[in-house]
Asker: 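Sharing a structure below in structure tokens format, with a few things to ask.
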Amino acid sequence: MTRFIQEIDRSHSCGALREADEGAEVVLFGWVASRRDLGGCVFVDLRDREGVTQVVFDPQASGEAYGLAGQIRPEWVVGLQGKVRSRGANANKRMPTGGIEVLATRLEVFNRSAVPPFLLEDGVDAREELRLQYRYLDLRRPEVTRRILMRHRITQRARRHLADAGFLEIETPCMVKYTPGGARNFLVPSRLNPGQVYALAESPQIFKQLFMVAGFDRYYQIARCFRDEDLRGDRQPEFTQIDVEMSFAAPRHIYEVVEGLMAAIFEEALGVKLARPFQRMTWAEAMGRFGSDKPDLRFGLELVDLTEIVRRHDGGGVGMLKDALASGGVIKALCLPADKAPSRSEVDKLEVKVKELGGLGLARARLAADGGWTQSPMGKSVSPAMRVEINRAAGAGEGAVLLLQFGSADKVHSVLGGLRVHLGEKLGLVDKIRWELLWVTDFPLFERAEDTGAVVASHHPFTSPLPEDVDKLLSEPLACRAQAYDLVLNGVEAGGGSIRIHDSEVQAKVFKVLGISDEEAREKFSFLLQALQFGAPPHGGLALGLDRLVMLLTGGESIRDVIAFPKTARGQCLMSGAPSGVSDQQLADLHLARKG
RNA sequence: GGGGUGGUAGUUAAGUUGGCUAUAACGCCGGCCUGUCACGCCGGAGGCCGCGGGUUCGAGUCCCGUCCACCCCGCCA
């Protein structure tokens with residue numbers, strides 16, 4: 001008797017056969033997805049990464065195969081030979097292969113399977129803890145497999161697109177010199193250099209700039225990055241970026257390349273043609289209108305700026321508004337029309353949300369038929385004149401609810417921006433089938449650190465200011481805008497980048513603003529600064545978060561869904577058990593001592 | 001670091017004011033069944049109620065602690 005594998009080759013995947021293949025002799029390999037034993041015949045759904053095909057075992061076709069089919073169980077791995085036949089009126093329209101089945105003449109069991117700890121079917125919601133523990137089984141589930149295959153197609157398409165556009169794929173080291181600032185690094189102790197460490201690269205940033213100095217002109221990499229920060233659904237300790245850098249580039253050149261790349265990816269993944277160019281909005285406009293540097297444009301509900309109205313009315317009789325103005329604050333509101341207006345108790349719940357977002361409270365008003373404010377702490381004191389103007393500015397009619405925040409612009413924006421997103425989801429304002437891409441541009445070059453009050457780089461210290469703001473670097477640093485941009489997709493930051501400083505005078509000014517001395521700069525960034533002195537071309541780039549992108553394009557809920565072997569929120573791999581303990585001998589080899 | 005939600009057969013869940021011999025569905029095991037595709041029918045096995053203390057005549061249920069997973073804030077491009 002001939003044996004599979006050694007002598008018989010697979011002819012098709014389990015997702016390939018159609019009615020046109022009727023009559024073909026085929027050989028399929030795969031896993032038993034389900035078995036329906038009707039007594040006189042046995043149906044088996046055979047699954048591989050490409051799909052599922054129904055196989056029927058009939059004693060008249062092969063008594064031996066039929067007998068074996070009665071014994072097999074879910075997740076056994078088998079090979080079989082048979083003939084494709086049409087299912088005619090019995091076709092299953094919900095399956096791509098549902099028009100046919102394979103009448104098996106031979107069956108070989110390659111391996112049995114223990115009973116899996118959870119059902120390997122779509123739509124089952126076994127606890128994620130368990131799914132991660134048996135990730136190799138979870139990956140067999142068609143919807144999980146589909147995401148991983150989609151990731152493959154997206155990265156392949158990205159590679160092809162960028163290579164065709166003249167970008168070189170070059171790898172950069174993961175083990176790098178520690179440089180301060182930005183995310184916390186994982187550290188790798190050096191056995192050969194007692195007491196010294198490598199850092200795992202949080203991004204290839206400096207190296208890709210050096211490629212530009214080297215004259216490679218255009219570089220890309222599907223780069224793994226490492227950050228030792230607390231984790232979220234969209235943050236893993238190691239993650240992947242599509243990293244791009246190009247020489248002789250202004251922001252518009254970067255936009256053009258990345259828009260082409262995104263269009264290719266969307267076409268590949270969804271068959272969607274993106275409208276180009278993408279929308280652009282300055283950071284200041286995004287913050288002002290949406291309270292966010294990554295506005296979700298799938299719905300409206302923009303912030304209404306009431307600052308000037310309140311100023312003209314000198315507070316309009318409302319003490320807290322007047323105080324907010326006096327301390328240099330702003331007053332903004334969200335207006336929910338009557339048909340979306342939350343009830344009184346729902347507004348109270350929103351106030352809880354506001355406090356989560358860092359707000360002190362939620363001033364509100366519900367409009368009566370005459371425009372008067374009810375259910376409002378300001379209802380009695382507010383002057384009718386100001387009230388009328390605010391109602392008009394907000395477009396608020398009878399039954400509408402106004403939700404107000406006042407205070408520092410940063411706080412008002414972050415609270416109302418967060419509330420806007422919350423309401424967008426909760427009230428079903430978000431159009432789920434839309435893809436809204438935009439560039440947010442002209443980010444502030446510097447910001448004030450909340451804890452220390454020091455001026456710090458918003459992006460990183462090599463980010464170039466807008467040409468028209470260079471003169472203000474030393475005099476008004478916080479008013480300087482950067483040639484920095486984020487690509488925002490449906491309210492998610494899909495990527496970000498900047499044009500870098502290639503002029504050592506400008507770089508020196510930036511370091512001065514940041515309070516970094518020449519000596520300190522040399523010590524921290526020596527090799528980059530040195531390289532910039534040897535004919536560095538104007539250059540800039542961007543990095544796209546591949547995990548987030550694939551998550552959005554596949555409808556995943558977290559990037560864990562699109563990473564083959566993800567870690568938990570505490571950075572553990574439940575399957576392998578990493579991280580794990582270390583022996584005294586290992587520590588000694590690394591010249592490390594255990595604490596305590 | 002702070003806050004929240006959850007943890008009960010293999011899995012997903014229910015479990016009332018503390019009274020339980022802890023339910024159900026799916027899965028698993030055995031039997032029957034030739035057109036199923038969530039196959040159907042009959043029968044069966046299966047539990048340290050996350051873990052450790054406490055209150056109580058009595059705890060899945062109440063209290064304290066702890067572990068794990070997830071979400072939010074801080075942090076992080």
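Chain A is the first sequence line, chain B the second, and so forth, proteins listed ahead of strands; every chain is numbered from 1. Worth saying up front: this structure is predicted, and the values here are computed from it rather than measured.
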Asker: Applying a 4.0 Å non-hydrogen cut-off, can you work out what A/P116 is touching in the nucleic acid: base, sugar-phosphate, or nothing?
Answerer: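 No contact.
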Asker: Can you tell which of B/rC68, B/rC75, B/rC33 lies closest to the side chain of A/D37?
Answerer: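 Given the options B/rC68, B/rC75, B/rC33, the side chain of A/D37 is closest to B/rC33.
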Asker: Over all strands shown, is A/G497 touching base, sugar-phosphate only, or nothing at heavy-atom distances under 4.0 angstrom?
Answerer: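 No contact.
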Asker: Base, sugar-phosphate or nothing for A/L231? Non-hydrogen atoms, less than 4.0 Å.
Answerer: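 No contact.
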Asker: Heavy-atom nearest nucleotide on RNA chain B for A/L38 versus A/E557: which residue maps closer to 5'?
Answerer: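 Result: A/L38.
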Asker: So, is A/R560 close to the B/rC71 phosphate, meaning a side-chain N or O under 4.0 Å from OP1 or OP2?
Answerer: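 Answer is yes, contact under 4.0 Å.
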Asker: Between A/D293 and A/K353, which is nearer to the 5' end of RNA chain B once each is assigned its nearest nucleotide?
Answerer: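 So the residue in question is A/K353.
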Asker: Looking only at the aromatic ring of each residue, does the gap between the centers of A/F186 and A/F226 stay below 6.0 angstrom?
Answerer: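 So the answer is no for these two rings.
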Asker: Under 4.0 Å, counting only non-hydrogen atoms across every strand here, what does A/R548 touch: a base, just sugar-phosphate, or nothing?
Answerer: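 Touches nothing.
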Asker: I'd like the C1' distance from B/rC68 over to B/rC29, given in whole Å.
Answerer: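 One C1' to the other, the span is 32 Å.
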Asker: Report the nucleotide, chosen from B/rU8, B/rA69, B/rG74, that has the shortest atom-to-atom distance to any side-chain atom of A/R127.
Answerer: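 Side chain of A/R127 sits closest to B/rU8.
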Asker: Give one of base, sugar-phosphate or nothing for A/R227, where a contact means two heavy atoms less than 4.0 Å apart.
Answerer: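 Answer is sugar-phosphate: A/R227 comes under 4.0 Å of backbone atoms only.
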Asker: Check whether any side-chain nitrogen or oxygen of A/R73 sits under 4.0 Å from OP1 or OP2 of B/rC28, and answer yes or no.
Answerer: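 Checking A/R73 against B/rC28: no side-chain N or O falls below 4.0 Å of OP1 or OP2.
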Asker: Roughly how many Å apart are B/rU66 and B/rU21, using the C1' atom of each and rounding to a whole number?
Answerer: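 That atom pair is separated by 31 Å.
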Asker: Sticking with atom P, work out how far B/rC41 lies from B/rG35, rounded to a whole angstrom.
Answerer: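 After rounding to an integer number of Å, I get 16 Å for this pair.
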Asker: Quick one: does A/D230 reach the base of B/rC75 with a side-chain donor-acceptor pair under 3.5 Å?
Answerer: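 For A/D230, whose side chain was compared with the base of B/rC75, there is no donor-acceptor pair (under 3.5 Å).
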Asker: Charged N to carboxylate O below 4.0 Å: is that the case for A/E238 and A/R224?
Answerer: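 A/R224 and A/E238: salt-bridged.
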Asker: Give A/G182 one of three labels, base, sugar-phosphate or nothing, depending on what nucleic acid heavy atoms sit under 4.0 Å from its own.
Answerer: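 Result for A/G182 = sugar-phosphate.
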Asker: Side chain of A/E129 only, please: which of B/rA69, B/rC76, B/rG35 is the nearest?
Answerer: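 Selected nucleotide: B/rA69.
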Asker: Which nucleotide, B/rC37, B/rA77, B/rU12, lies nearest any side-chain atom of A/E493?
Answerer: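 Nearest to the side-chain atoms of A/E493, counting from C-beta on, is B/rA77.
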Asker: Can you find a donor-acceptor N/O pair under 3.5 angstrom joining the side chain of A/R235 to the base of B/rC75?
Answerer: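 Such a pair is found, so the answer is yes.
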Asker: Under the salt bridge (Lys or Arg N to Asp or Glu O under 4.0 Å) rule, what do A/R141 and A/D138 come out as? Steps first, then yes or no, please.
Answerer: CA-CA 6 Å; A/R141 294 169 56 218; A/D138 196 34; 2.7 Å; yes
Asker: In Å, rounded to the nearest 0.5 Å, how long is the span from CZ of A/F290 to CD of A/E285?
Answerer: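 It comes to 7.5 Å.
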Asker: Counting side-chain heavy atoms from C-beta on, which of B/rC28, B/rA69, B/rU34 comes nearest to A/Q60?
Answerer: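 Closest of the options to the side chain of A/Q60: B/rU34.
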Asker: Nearest of B/rA77, B/rC75, B/rC37 to any side-chain atom of A/E229?
Answerer: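 Nearest nucleotide to the side chain: B/rC75.
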Asker: State which of B/rA69, B/rU36, B/rA77 makes the closest approach to the side chain of A/F43.
Answerer: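 Taking heavy atoms from C-beta onward, the closest nucleotide is B/rU36.
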Asker: How is A/R87 classified with respect to the nucleic acid when contacts are heavy atoms under 4.0 Å: base, sugar-phosphate, or nothing?
Answerer: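 If one applies the 4.0 Å heavy-atom cut-off, A/R87 turns out to touch a base.
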Asker: Kindly point out which of B/rC28, B/rC26, B/rU12 is positioned nearest to the side chain of A/A126?
Answerer: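 So the nucleotide nearest the side chain must be B/rU12.
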Asker: Could you check whether any side-chain heavy atom of A/L120 comes within less than 4.5 Å of a side-chain heavy atom of A/R47, counting everything from C-beta outward?
Answerer: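 Yes, their side chains come closer than 4.5 Å.
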Asker: Name the orientation class of the two ring planes belonging to A/F211 and A/Y219 (parallel below 30°, tilted from 30 to 60°, perpendicular beyond 60°).
Answerer: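 Plane angle between 30° and 60°, so tilted.
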Asker: Looking only at side-chain atoms of A/L130, point me to the closest of B/rC68, B/rC39, B/rU11.
Answerer: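 Among the listed nucleotides, the one closest to the side chain of A/L130 is B/rU11.
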Asker: Report the nucleotide, chosen from B/rU34, B/rG10, B/rC72, that has the shortest atom-to-atom distance to any side-chain atom of A/R232.
Answerer: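 So the side chain of A/R232 is nearest to B/rC72.
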Asker: Ignoring hydrogens and geometry beyond distance, is the side chain of A/R85 in donor-acceptor contact with the base of B/rG35 at under 3.5 Å?
Answerer: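 Yes, a donor-acceptor pair under 3.5 Å.
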Asker: Answer with base, sugar-phosphate or nothing: what part of the nucleic acid does A/H459 contact at a heavy-atom distance below 4.0 Å?
Answerer: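 Counting heavy atoms under 4.0 Å across all strands, the contact made by A/H459 includes a base.
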Asker: What's A/E75 touching, base or sugar-phosphate or nothing? Going by heavy atoms closer than 4.0 Å.
Answerer: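 It contacts nothing in the nucleic acid.
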